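Being a predicted model, the structure only gives us computed values, none of them experimental.
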Amino acid sequence: MINIYRNDPEAVEKFLSAERSVRGNVESLVASIIADVAARGDEALTDYTERLDGIKLTDFKVKKSEIDNAVAQCGERYMQILREAAANISLYHKKQRRRGFCIRKPDGTVLGQRVIPLARVGIYVPGGTASYPSTVLMNAIPAKIAGVKDIVMVTPPGKDGSIRKEVLAAARVAGVTKIFKLGGAQAVAALAYGTKSVPRVDKITGPGNIFVATAKRQVFGTVAIDMIAGPSDILIVADDSARYDFIAADMLSQAEHDRLSQAVLVCTDEALAAKVSEELERRCAMLERREIAADSIGKNGAIFVVKDLDEAMDIANRIAPEHLELCVKDPFDTLEKVRNAGSVFLGNYAPEALGDYFAGPNHTLPTVSTARFSSPLTVDDFVKKSSYVYSTPEALANVSDKIIELACSEGLTAHAESIRVRE
């Protein structure tokens, strides 16, 4: 079911170069949808929602009564779980808040930086037959902490025109200000350009399928985006202290997402590798989404058996996983060797699902090896920074000749003149 490679450097290189995306004619199709929504606004949204979601809507906004009903239907226990998860997420993200700074120099010059919240952001939450309340919490709470006043959520409706009650309940807990029954590339276009019903936003965050990801890429520049999310992945580094059943369960928790998802084990124990392989087959057969998980494990999964943890960490850093589990004797010591990972889970009792739902760190993470250069979603994603400068006549005079020389060296004589005129 899963390929096992033993001390095979070439297998690692082949694995790293494998393509896990499916594009086809998606780019041109998405471009036409975006252009149509930009031109026709709500009329285009009605057409695409009917064609793609199977429901004709002329009013996309979710009413307060719908949210109230959703909260009531979820029940107090579920609402308390959401509130507790939200409290953990808030506790973690509040530590990320930045303050501006001000430097006052002896000559009277004042330099500084202001941190300013974005005015309005849009969050995309996958929907339809699925329910992702955790995505609502992970995107809206950092925005709220950053000081964003208007948080606009879009999520695809079901064929009856409703939104899953768990998603609406999470929106209430997280402080979402507006919710629209919209999905796909058309929802991204509405957020980017605005329509009569949907307000234009400054930034779009949140995951989605290839149409959503492509739309986010195409509207970037008109609005900001968080990242281009690809298929999800997990990599587990394990030694002989690890539990084979824990590892198999965690690999399948990622594999059930999507046929393009990737689950990888890098271990130092041959016996462990064999047990994990057997356990994957046994557990996969019991899953509701077993066909998806089996396809993911068979096509994109791998087990690498290596000589020691140093080699294991070298492979992990080269793969740069979205989720990295360190199921080893001393995970905190091994953590120091991590260079490329979206989120790291330490020890045998910190499964990825703990971070996905409840622990506090964000689960919106860089995928497809982009952890080499990018980071999880943070409060910083919902602010912008402005610098400022103040100078006295005397302070400017003290450096004017140097500025003039630099400006002239670039051939920008008007810049130089703007200094000379003040002398």
I'd like to know whether [atom1] of [X] has more than 12 heavy-atom contacts from other residues, nucleotides or ligands below 6.0 angstrom.
{"X": "Arg40", "atom1": "CZ", "answer": "yes"}
{"X": "Phe332", "atom1": "CZ", "answer": "no"}
{"X": "Tyr388", "atom1": "OH", "answer": "yes"}
{"X": "Glu288", "atom1": "CD", "answer": "no"}
{"X": "Arg83", "atom1": "CZ", "answer": "yes"}
{"X": "Tyr357", "atom1": "OH", "answer": "no"}

Next on the checklist: For a side chain to side chain donor-acceptor pair (under 3.5 Å) check, start with the C-alpha distance between Asp36 and Tyr48, then their side-chain angles and the critical distance, and finish with the verdict.
Outcome noted: CA-CA 10 Å; Asp36 195 18; Tyr48 288 116; 2.8 Å; yes
Item to check | Test side-chain contact (heavy atoms from CB on, under 4.5 Å) applied to Leu182 and Thr155, step by step | outcome: CA-CA 5 Å; Leu182 291 167; Thr155 188; over 6 Å; no
N/O donor-acceptor pair under 3.5 Å between [X] side chain and [Y] backbone:
{"X": "Asp202", "Y": "Arg120", "result": "yes"}
{"X": "Arg200", "Y": "Ala192", "result": "yes"}
{"X": "His323", "Y": "Ile234", "result": "no"}
{"X": "Asn300", "Y": "Arg259", "result": "yes"}
{"X": "Lys149", "Y": "Pro117", "result": "no"}
{"X": "Arg104", "Y": "Val110", "result": "no"}
{"X": "Asn69", "Y": "Ser65", "result": "yes"}

Item to check | Residues that Val306 engages under side-chain contact (heavy atoms from CB on, under 4.5 Å), provided they are two or more places apart | outcome: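 Scan of Val306 (side-chain contact (heavy atoms from CB on, under 4.5 Å), adjacent residues dropped) gives Val266, Thr268, Glu311, Ala312, Ile315.
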Next on the checklist: Does Asp245 form a salt bridge (charged side-chain N to carboxylate O under 4.0 Å, His left out) with Arg243? I'd like the steps, not just the answer.
Outcome noted: CA-CA 6 Å; Asp245 51 344; Arg243 289 272 300 265; 2.9 Å; yes
Checklist entry - So among Thr135, Asp226, Asn139, which one has a side chain to side chain donor-acceptor pair (under 3.5 Å) with Thr205? => result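 Of all the options given, the one that passes is Asn139.
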With side chains defined as the heavy atoms from C-beta onward, is the minimum distance between [X] and [Y] less than 4.5 Å?
{"X": "Arg97", "Y": "Ile145", "answer": "yes"}
{"X": "Ile179", "Y": "Ile67", "answer": "yes"}
{"X": "Ser162", "Y": "Pro157", "answer": "no"}
{"X": "Leu377", "Y": "Met138", "answer": "no"}
{"X": "Arg372", "Y": "Arg339", "answer": "no"}
{"X": "Val154", "Y": "Val125", "answer": "no"}
{"X": "Tyr78", "Y": "Pro133", "answer": "yes"}
{"X": "Asn209", "Y": "Val212", "answer": "yes"}

[atom1]/[X] to [atom2]/[Y] distance, rounded to the nearest 0.5 angstrom?
{"X": "Ser296", "Y": "Asp258", "atom1": "OG", "atom2": "CG", "value": "7.5 Å"}
{"X": "Thr195", "Y": "Phe180", "atom1": "OG1", "atom2": "CZ", "value": "7.5 Å"}
{"X": "Met251", "Y": "Ile303", "atom1": "CE", "atom2": "CD1", "value": "5.5 Å"}
{"X": "Leu137", "Y": "Ile89", "atom1": "CG", "atom2": "CD1", "value": "4.5 Å"}
{"X": "Ile319", "Y": "Gln262", "atom1": "CD1", "atom2": "CD", "value": "6.5 Å"}
{"X": "Leu111", "Y": "Ile103", "atom1": "CG", "atom2": "CD1", "value": "5.5 Å"}

Look at [X] together with [Y] and state whether they make a salt bridge at an N to O cut-off of under 4.0 Å.
{"X": "Glu405", "Y": "Lys402", "answer": "no"}
{"X": "Glu66", "Y": "Lys165", "answer": "no"}
{"X": "Asp310", "Y": "Lys337", "answer": "yes"}
{"X": "Glu27", "Y": "Arg217", "answer": "yes"}
{"X": "Asp68", "Y": "Lys64", "answer": "yes"}

Testing the 3.5 Å rule here: is there a donor-acceptor pair between the side chains of [X] and [Y]?
{"X": "Glu423", "Y": "Ser400", "result": "yes"}
{"X": "Glu352", "Y": "Gln254", "result": "yes"}
{"X": "Gln113", "Y": "Ser387", "result": "no"}

Item to check | Candidates Met153, Arg172, Glu166 - the one meeting side-chain contact (heavy atoms from CB on, under 4.5 Å) with Val136 | outcome: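 Between Val136 and the candidates, side-chain contact (heavy atoms from CB on, under 4.5 Å) is satisfied uniquely by Met153.
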Next on the checklist: So if I apply the side-chain contact (heavy atoms from CB on, under 4.5 Å) rule between Arg420 and each of Thr413, Ile403, Ile404, which one comes out positive?
Outcome noted: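 By the side-chain contact (heavy atoms from CB on, under 4.5 Å) criterion, Arg420 pairs with just one of Thr413, Ile403, Ile404: Ile404.
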Checklist entry - Parallel, tilted or perpendicular: which describes the rings of Phe15 and Phe304, with under 30° parallel and over 60° perpendicular? => result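 Aromatic pair Phe15/Phe304 classed perpendicular.
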Please tabulate, for the side chains in residues 53-60, all donor-acceptor contacts under 3.5 angstrom to protein atoms that are two or more places apart in sequence or on a different chain.
from	atom 1	to	atom 2	distance (Å)
Asp59	OD1	Lys61	N	3.3
Asp59	OD2	Lys63	NZ	3.4

Checklist entry - Would Lys384 and Leu118 count as a side-chain contact (heavy atoms from CB on, under 4.5 Å) if you check the C-alpha gap in whole Å, the side-chain angles of each, and the deciding distance to 0.1 Å? => result CA-CA 7 Å; Lys384 57 185 178 180; Leu118 300 180; 4.2 Å; yes
Item to check | Test log, rule side chain to side chain donor-acceptor pair (under 3.5 Å), inputs Glu322 and Ser232 | outcome: CA-CA 7 Å; Glu322 178 186 9; Ser232 192; 2.7 Å; yes
Checklist entry - side-chain contact (heavy atoms from CB on, under 4.5 Å) between Asn362 and Thr378: does it pass, once the steps are laid out? => result CA-CA 7 Å; Asn362 210 285; Thr378 70; over 6 Å; no
